[in-house]
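Beneath this line is the structure, given in structure tokens, with notes to follow.
Both counts, for ligands and for their atoms, begin at 1 and track the order of listing.
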Amino acid sequence: MQINSGSSYKDIIIAGAGPAGCTAALKLRKSGLSILLIDKNTFPRDKVCGDAIGGRAVRVLSMLDPSFPEMLEKLEGVNKSAGWKLYAPNGKSVELHFTYPGHVARRQDFDNFLFRLVKDSGKIEIREGFQLKDVHAGGNFINITNDLGESYHSKLLIACDGAQSVVAKRLAKFRVDLSHYSGAVRAYYTNIKGIYDKEMIEIHLLKKYLPGYFWLFPLDENSANVGFGMLSSDIARRKINLKAAMEEIIYNSPALKDRFKESIRTSDISGFGLPLGGRDMEISGERFMLCGDAASLIDPLNGEGIGNAMLSGLLAGEQALKCFESDNFSVKMMKHYDDSVKHNLTAELKKKLTLQRLFNRSWLINGMVNAGLRFPLIKHFIGRHL
Ligand SMILES: Cc1cc2nc3c(=O)[nH]c(=O)nc-3n(C[C@H](O)[C@H](O)[C@H](O)COP(=O)(O)OP(=O)(O)OC[C@H]3O[C@@H](n4cnc5c(N)ncnc54)[C@H](O)[C@@H]3O)c2cc1C
């Protein structure tokens, strides 16, 4: 591969400074390697999301440094989430407590928290406003360029550039499969009634939209991140307008309309795609690894992707260290990363995919919630597996 004149060398390039990219950077901050973290945006930046930072994300943070979870808790605007309330299509609900509590925090704040940890480490070179346009692998290096023609080359690329990953398209030849993809919209509302416990996030399953769901994730006693998502294949087949559907749910559904009567929407309704996990996909190749949304690792049942993105970033960081120890970046060597993602994540995501396929049956969810209300063991089972 020809290296552009003027291209700078780094041992590792991490593309994308979201949860996956920042975690990979934090994992590698003490490696002594020269590492460049690039992002097309300038931080703090927003990301369309439900803002539920699950227990897995908190656990990955503590693996990076035991003091990080406490630092996150102290961040302004971070609301603890201890469990969730699941509303079945028949209107009944069951409350479940998380084994590992998490938080609800605006992504602008959470992602900036991670970004600051990377920046403050002083060990990672950062380039904001660098939009990766093209990537080439071959020979001894991998090369990235932006729209201005600036370029860097490295021995290894960790691609954390999100749902529309350039690297996944170019190097792993990923194409969107609508049956493994969701679309979702969200907005912030205040003056919502009936947030009786701000530590409980709410999931509403509505017969008309199964296996999609409506969420209400409290930020405080009367404000929340509110959203609605469905499988993209269903959106296309049924020609659903997600924004209109979300407003229809808020203002017409019996469980919600009174609670939103005097609410005020404080943001636009914004949407984005969710590449879902649960399939066997090759997420590495010679000199590169894909992490987070770039690797399609979102939970296909509940739409959580932050913790999975962070875990994959951590695993990619571990694999990167092994590659540099042995100076081996071959396809075979990188496959160890695929194996550890499979072991730590894909097996679980496959189970969730099976459940997602079952969840278009409202009678099943009604029955499950009814049973959960009567039998603690079933409630425990639901809590563990959803
Ligand atoms: C509506 C919605 C609601 C969701 N709700 C939740 C939730 O409540 N909880 C949860 O856990 N998950 C949720 N998710 C999923 C979650 O948002 C993602 O799984 C998570 O953000 C993945 O992290 P990531 O680091 O892989 O990617 P991202 O967070 O998308 O970060 C990617 C980074 O790469 C940068 N980038 C992208 N392209 C380029 C480029 N070409 N060049 C340079 N930089 C680039 C971006 O600026 C960004 O900073 C939701 C998703 C959506 C769409």
Using distance alone, determine whether [X] and ligand 1 share an N or O pair under 3.5 Å.
X: Gly16; answer: no
X: Lys40; answer: yes
X: Val166; answer: no

Compute the minimum heavy-atom distance from [X] to ligand 1 and say whether it is under 4.0 Å.
X: Gly227; answer: no
X: Arg186; answer: no
X: Met310; answer: no
X: Cys160; answer: yes

Within the 4.0 Å heavy-atom shell around [X], which atoms of ligand 1 are there?
X: Ile298; result: 15 (C), 19 (O)
X: Gly303; result: 6 (C), 12 (N), 13 (C), 14 (N), 15 (C)
X: Asn41; result: 47 (O)
X: Gly18; result: 25 (O), 31 (O), 33 (C), 49 (O)
X: Gly162; result: 27 (O), 30 (O), 32 (C)
X: Phe217; result: 8 (O)
X: Gly292; result: 26 (O)
X: Leu274; result: 50 (C), 51 (C), 52 (C), 53 (C)

Looking at [atom], what's its closest protein heavy atom, distance included?
atom: atom 28 (P) of ligand 1; answer: Lys47 CE, 4.1 Å
atom: atom 17 (O) of ligand 1; answer: Arg107 NH1, 3.1 Å
atom: atom 26 (O) of ligand 1; answer: Asp293 N, 2.9 Å
atom: atom 47 (O) of ligand 1; answer: Asp39 OD1, 2.7 Å

Are side-chain heavy atoms of [X] and [Y] found at a separation under 4.5 Å?
X: Pro69; Y: Leu61; answer: yes
X: Gln108; Y: Phe113; answer: no
X: Asn302; Y: Trp215; answer: no

Using a 4.0 Å heavy-atom cut-off, which part of [X] comes near ligand 1: side chain, backbone, both, or neither?
X: Arg45; value: side chain
X: Lys133; value: neither
X: Asn225; value: neither
X: Phe130; value: backbone
X: Cys49; value: both

* Structure fact -> With Phe141 as partner, the option from Phe288, Tyr152, Tyr9 fulfilling ring pair (Phe, Tyr, Trp, His ring centres under 6.0 Å) is Tyr9
* To do: Return yes if a side-chain donor-acceptor contact under 3.5 Å exists between Asn252 and Glu248, otherwise no.
  => no
* Answer yes if the side chains of Asp268 and Tyr188 hold a donor-acceptor pair under 3.5 Å, and no otherwise. => no
* **Exceeds 12 heavy-atom contacts within 6.0 angstrom, atom CD of Glu125** => yes
* Once you round to the nearest 0.5 Å, how far does CD1 of Ile195 lie from CD1 of Ile192? -> 4.5 Å
* Kindly indicate whether a cation-pi arrangement holds for Arg56 with Tyr100, taking the cut-offs as under 6.0 Å to the six-membered ring centre and within 45° of the axis. => no
* Please assess Phe214 against Met246 for the test side-chain contact (heavy atoms from CB on, under 4.5 Å), listing each intermediate value before the final yes or no. => CA-CA 8 Å; Phe214 173 89; Met246 182 170 108; 4.2 Å; yes
* Nearest candidate to atom 4 (C) of ligand 1, where distance is taken over non-hydrogen atoms, out of Gly50, Ala184, Gly271, Cys22 -> Gly50
